[in-house]
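Because the structure is predicted, anything quoted here is derived from the model rather than measured.
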Amino acid sequence: MNSNAPLLVVVDAANVVGSVPDGWWRDRKGAAERLRDRLASDGVPGLDGPVEIVLVVEGAARGVESVAGVRVESATGSGDDHIVEVVAGAGARPVLVVTADRELRRRVGELGAEVTGPRTVRP
């Protein structure tokens with residue numbers, strides 16, 4: 001691991017947004033924007049040091065813009081596949097993926113990423 005590189009935090013927007021039944025299905029893009037804004041203002045609670053946050057959106061949430069502190073990437077296909085690509089492209093830097101998806105957790109874990117659940121970024 002490259003301890004000099006900031007921690008890369010990759011957030012599975014669909015999974016995190018879907019973890020709380022607050023009506024997100026009526027406005028998927030708006031729900032992803034609210035998550036993005038919360039990440040931009042609060043960061044990732046409990047993490048010390050510099051972090052780079054990447055929010056991966058898919059489907060109806062595509063088109064959410066990046067803001068200072070959060071880079072948004074729109075998956076052209078499967079959000080899970082895009083997250084795996086981001087993790088694979090991180091090289092030796094430390095990566096934390098935020099998702100509850102079991103299969104995605106397995107896939108990114110095999111690439112050396114740490115994994116945590118949605119409550120890490122969404123109370």
Next item on the list: Ignoring hydrogens and angles, state whether a donor on the side chain of E73 or H82 is under 3.5 Å from an acceptor on the partner side chain.
Entry: yes
Next item on the list: Flag yes if V72 and W24 sit in one hydrophobic cluster, no otherwise; membership is Ile, Leu, Val, Met, Phe, Trp, Tyr, and two members link when side-chain heavy atoms are under 4.5 Å apart.
Entry: yes
Notebook entry, point to check: Hey, does R107 have a side-chain heavy atom less than 4.5 Å from the side chain of D81?
Noted result: yes
Note to self: Quick one, S66 and R36 - any side-chain contact, counting heavy atoms below 4.5 Å?
What the structure shows: no
Item checked: Contact summary for N15 and P118, nearest pair of heavy atoms -> OD1-CG, 3.6 Å
Check: Got more than 12 heavy atoms from elsewhere within 6.0 Å of CZ, R106?
Finding: yes
Item checked: Separation between CG of D42 and CZ of R122, rounded to the nearest 0.5 Å -> 13.0 Å
Note to self: Using every non-hydrogen atom in the two residues, find where A32 and V64 come nearest and quote the distance to one decimal.
What the structure shows: CB-CG2, 4.0 Å
Next item on the list: Check A90 against V95 and note the closest heavy-atom contact, atom names and distance.
Entry: CB-CG2, 3.5 Å
Notebook entry, point to check: Linking I/L/V/M/F/W/Y whenever their side-chain heavy atoms sit closer than 4.5 Å, directly or via other members, would L39 and V97 fall into one cluster?
Noted result: no
Item checked: V17 reachable from V11 in the ILVMFWY side-chain graph, under 4.5 Å edges -> yes
Check: What's the spacing between I83 CD1 and E58 CD if we round to 0.5 Å?
Finding: 7.5 Å
Next item on the list: Measure the shortest side-chain to side-chain distance between D80 and D12 over non-hydrogen atoms and say whether it is less than 4.5 angstrom.
Entry: yes
Margin query: Out of the candidates I53, V54, V87, only one should pair with L8 under the side chain to side chain contact (heavy atoms under 4.5 Å, CB included) rule; please name it.
Written below: V54
Check: Given side chains that start at C-beta, do those of L7 and V44 come closer than 4.5 Å, heavy atoms only?
Finding: no
Next item on the list: Can you measure from CD (E114) to CZ (R105) and round to the nearest 0.5 angstrom?
Entry: 10.5 Å
Notebook entry, point to check: What distance separates T99 OG1 from L104 CG, expressed to the nearest 0.5 Å?
Noted result: 4.5 Å
Next item on the list: To the nearest 0.5 Å, tell me how far E65 CD sits from K29 NZ.
Entry: 7.0 Å
Checklist line | Heavy-atom closest pair, residues G30 and D27 | finding: N-OD1, 2.9 Å
Next item on the list: Over all heavy atoms of both residues, which pair between A13 and L35 is shortest? Give the atoms and the distance, please.
Entry: CA-CD2, 4.1 Å
Margin query: Please say yes or no: joined through hydrophobic side-chain contacts below 4.5 Å, possibly via intermediate residues, are V20 and V98 part of one cluster?
Written below: no
Check: So if you build clusters from Ile, Leu, Val, Met, Phe, Trp, Tyr with side-chain heavy-atom gaps below 4.5 Å, do V9 and L55 land together?
Finding: yes
Check: Is there side-chain contact between L96 and V10, with heavy atoms separated by less than 4.5 Å?
Finding: no
